S.K.: 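Pasting a structure below so you can have a look.
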Amino acid sequence: MPGGLRHLYGRLRLGTRLALGLGVLSLVVFVVVGTVLTTSMHGYLERQLSDRMESAQVVQAKDAVEHGTVRRETYLGWYQAVYDVSGDEPRLRRPAALPADSSAFAGLAGRLADTGADDLLDSRPLGQEGTYRIRACEVEPGVVLVTAAPTADIENTVTRLITVQVIAFALALLALVVLGRWTLRRGLKPLSDMAHTAHGIASHDLTESAARLPLRADRGGGGPEVEELRTAFNTMLEHIDASFAVRAKAERRLRRFVADASHELRTPLMSVRGYADLFQYAAANAPQERERHLSRLRAEAARMGVLLEDLLLLARLDASEVETPLRWTDTDLVELVRQAADAFRASHPGHPLRVTTGPAPVCTAVDAQRLRQVVDNLLANAAVHTPPGTEVSVCVAMTGAEALVTVADTGPGIPPADRERVFDRFYRVDKARTRDRGGSGLGLSVAGSLVHAHGGTIELASRPGETVFTVRLPLRRGARPTGPPTDGGPG
């Protein structure tokens, strides 16, 4: 295909190219069918003419035997002659009906005598007479009858057949291309709709954080293949929408996290700066006042250090695919919880604590220090957000292939609107609490991240008069289940 035609063909739409390809294939089929049909018809008509000539020569042979030549006329336009072939050259017997150029007759008679066959057939043009079908047969030894019949009727019939075929095939090809183009265009319409949808998506503004693709390829039709493509296309759009939603949520969390972190760090930094400014006048102050300022400076610095350590821990847990910040050791959860309970009683004497454990140790592979941090954070959260005298309980048990650590209190509970966000960073249920009492809002977030890093889950159930945090950890390294938990009583 020349370069210009190839370029033009490449610019055609898929439906047009398929229709043209169908047309070319159909044209090849029509040519093959027409050729086979014409050849078969031509051969059939020639056999019919040969059979008529053979029947006519039966009668002509009897006439030639009786009279030495053919006197009875046969069909109009036919020729017949009798030759003696006993000598070196065929000799014509007269009278005979011959065209102006009769060399073909004598030649066929001579060939029959040379070959010794019963009959011979040949087709030759006889000058201006046209093409004739010539048949030679032996009448008696040394005598040959030659008959010629015109093939003009055969040629006319074949020409008419070819003309009819060309017209019929041309009309059929035209109808096939037109109808095929319409059918293909209708069948490919869903693909065009998907292309328009893709163009619409390309023109949509995707720079916004909450951007959502508003378009879908919803029109049906096109068959199973197109339906599969449409389903895959819409699934891809849903996945893109989900990715946008996750990105938007992550961006909102990041902005909120940066704002909260800046707000949390600003207060201790301002305090440190203020107390540092006071030391400019330290010489004029009494030693007791300088010591008070220094203790406050240490407290704010320590608070800021704890906050930064929590933020660093959360960042390392978020990057756990690269660096796992856990040190796994076989640990008895019962003993770990009892140590956390002792520390809680010492730091929060106003909250009675009840510890419930099973009759046997609950051993599993964990990072003891980090899991202790989880229990400490949950206990501290119960003490900070409940009034003095509120009972707190902690329970350790096994169920199936999991270890359960439950921390509960009988405080006012958590409002339903806040339950989904209690594990968010810097989130406080009671916005009115001071930072000295309410904490930084990272305790539960750190606890949740550490539990997830251990491959476990942490659940919250709350109602007025009861709040329960349940930590589920998978058992590792041969831990075995125990019986139902027993009430260890208040410590």
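All values derive from a computational prediction rather than experimental measurement. Throughout, numbering of the chain's residues begins at 1 and tracks the sequence.
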S.K.: Scan residues 446-475 for pairs that pass salt bridge (charged side-chain N to carboxylate O under 4.0 Å, His left out), counting only residues two or more places apart or in two chains.
M.R.: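 Every pair satisfying salt bridge (charged side-chain N to carboxylate O under 4.0 Å, His left out) with a residue in residues 446-475: E402-R472, E459-R472, R463-E466.
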S.K.: Carefully, step by step, assess L379 and L353 under the rule side chain to side chain contact (heavy atoms under 4.5 Å, CB included).
M.R.: CA-CA 9 Å; L379 291 173; L353 177 64; 4.2 Å; yes
S.K.: Which pair of heavy atoms, one from A340 and one from V375, lies closest together, and at what distance?
M.R.: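 Nearest heavy atoms, A340 then V375: CB-CG1, 3.7 Å.
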S.K.: Does L173 have any side-chain contact (heavy atoms from CB on, under 4.5 Å) partners at least two apart in sequence or in another chain, and if so, which?
M.R.: S26, L27, F30, V177
S.K.: Say you draw a straight line from CZ of R372 to CG of L450; how long is it, rounded to the nearest 0.5 Å?
M.R.: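 Nearest 0.5 Å value for the CZ-CG distance: 14.0 Å.
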S.K.: Looking at every non-hydrogen atom in both residues, tell me the closest pair between A403 and L475 and how far apart they are.
M.R.: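 Of all heavy-atom pairs spanning A403 and L475, the closest is CB-CD2, 3.7 Å.
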S.K.: Please give me the minimum heavy-atom distance between G455 and P474, naming the atom from each residue.
M.R.: O-CD, 3.7 Å
S.K.: Taking all heavy atoms of D330 and all of A365, pick out the closest pair and write down the distance.
M.R.: OD1-CB, 3.9 Å
S.K.: When you measure from the side chain of H42 to the backbone of T38, do you find a donor-acceptor pair of N or O atoms at a distance under 3.5 Å?
M.R.: no
S.K.: Would you give the length of the straight line joining atom CD1 of I154 to atom OH of Y44, rounded to the nearest 0.5 angstrom?
M.R.: 11.0 Å
S.K.: In Å and rounded to the nearest 0.5 Å, what is the CG to CG distance from L45 to L161?
M.R.: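 If I round to the nearest 0.5 Å, the distance is 9.0 Å.
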S.K.: Within a strict 4.5 Å, meaning less than it, do heavy atoms of the S50 and R133 side chains meet?
M.R.: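 SC-SC contact between S50 and R133 confirmed.
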S.K.: Identify the two heavy atoms, one from I458 and one from V451, that lie closest to each other, and give their separation to 0.1 Å.
M.R.: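 Between these two residues, the closest heavy atoms are N-CG1, 4.0 Å.
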S.K.: Does one side chain, of R370 or Q373, offer a donor that lies under 3.5 Å from an acceptor on the other?
M.R.: yes
S.K.: So, D332 side chain and C363 main chain: donor-acceptor pair closer than 3.5 Å or not?
M.R.: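 No: the side chain of D332 does not pair with the backbone of C363.
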S.K.: Check whether H454 reaches the backbone of D367 with its side chain - one donor and one acceptor, N or O, closer than 3.5 Å.
M.R.: yes
S.K.: Any donor-acceptor pair under 3.5 Å linking the side chain of T357 with the backbone of V334?
M.R.: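 Pair absent, no side-chain N/O of T357 close to backbone of V334.
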S.K.: Measure the OG1-CE distance between T157 and M41 for me, rounded to the nearest 0.5 Å.
M.R.: 8.5 Å
S.K.: Side-chain contact test, heavy atoms from C-beta onward, threshold under 4.5 Å: evaluate it for L378 versus L444 and give yes or no.
M.R.: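 The answer is yes, as the side chains (C-beta and beyond) meet within the 4.5 Å cut-off.
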S.K.: Mind checking the CZ-CG spacing from R47 to L121? Nearest 0.5 Å is all I need.
M.R.: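 Here the rounded value is 12.5 Å.
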S.K.: Any chance the side chains of T131 and E155 put a donor and an acceptor closer than 3.5 Å?
M.R.: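 Judged by distance alone, the side chains do not pair up.
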S.K.: Less than 4.5 Å apart, side chain to side chain, heavy atoms only: is that true for T331 and L371?
M.R.: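 SC-SC contact between T331 and L371 ruled out.
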S.K.: Once you round to the nearest 0.5 Å, how far does CG of D51 lie from CD of E46?
M.R.: 12.0 Å
S.K.: Answer yes or no: is there a donor N or O on one side and an acceptor on the other, between the side chain of D409 and the main chain of V392, under 3.5 Å?
M.R.: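 It does not hold such a pair.
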S.K.: Could you tell me how the ring of F344 sits relative to the ring of H348: parallel (under 30°), tilted (30 to 60°) or perpendicular (over 60°)?
M.R.: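 Geometry flag for H348 against F344: parallel rings.
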S.K.: Tell me if a side-chain donor or acceptor on T390 pairs with a main-chain N or O of P387 at a distance below 3.5 Å.
M.R.: yes
S.K.: Between V471 and V407, is any pair of side-chain heavy atoms under 4.5 Å apart?
M.R.: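 No, their side chains stay 4.5 Å or more apart.
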S.K.: Check T386 against P412 and note the closest heavy-atom contact, atom names and distance.
M.R.: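 Scanning both residues completely, I find the closest heavy atoms to be CG2-CD, 4.3 Å.
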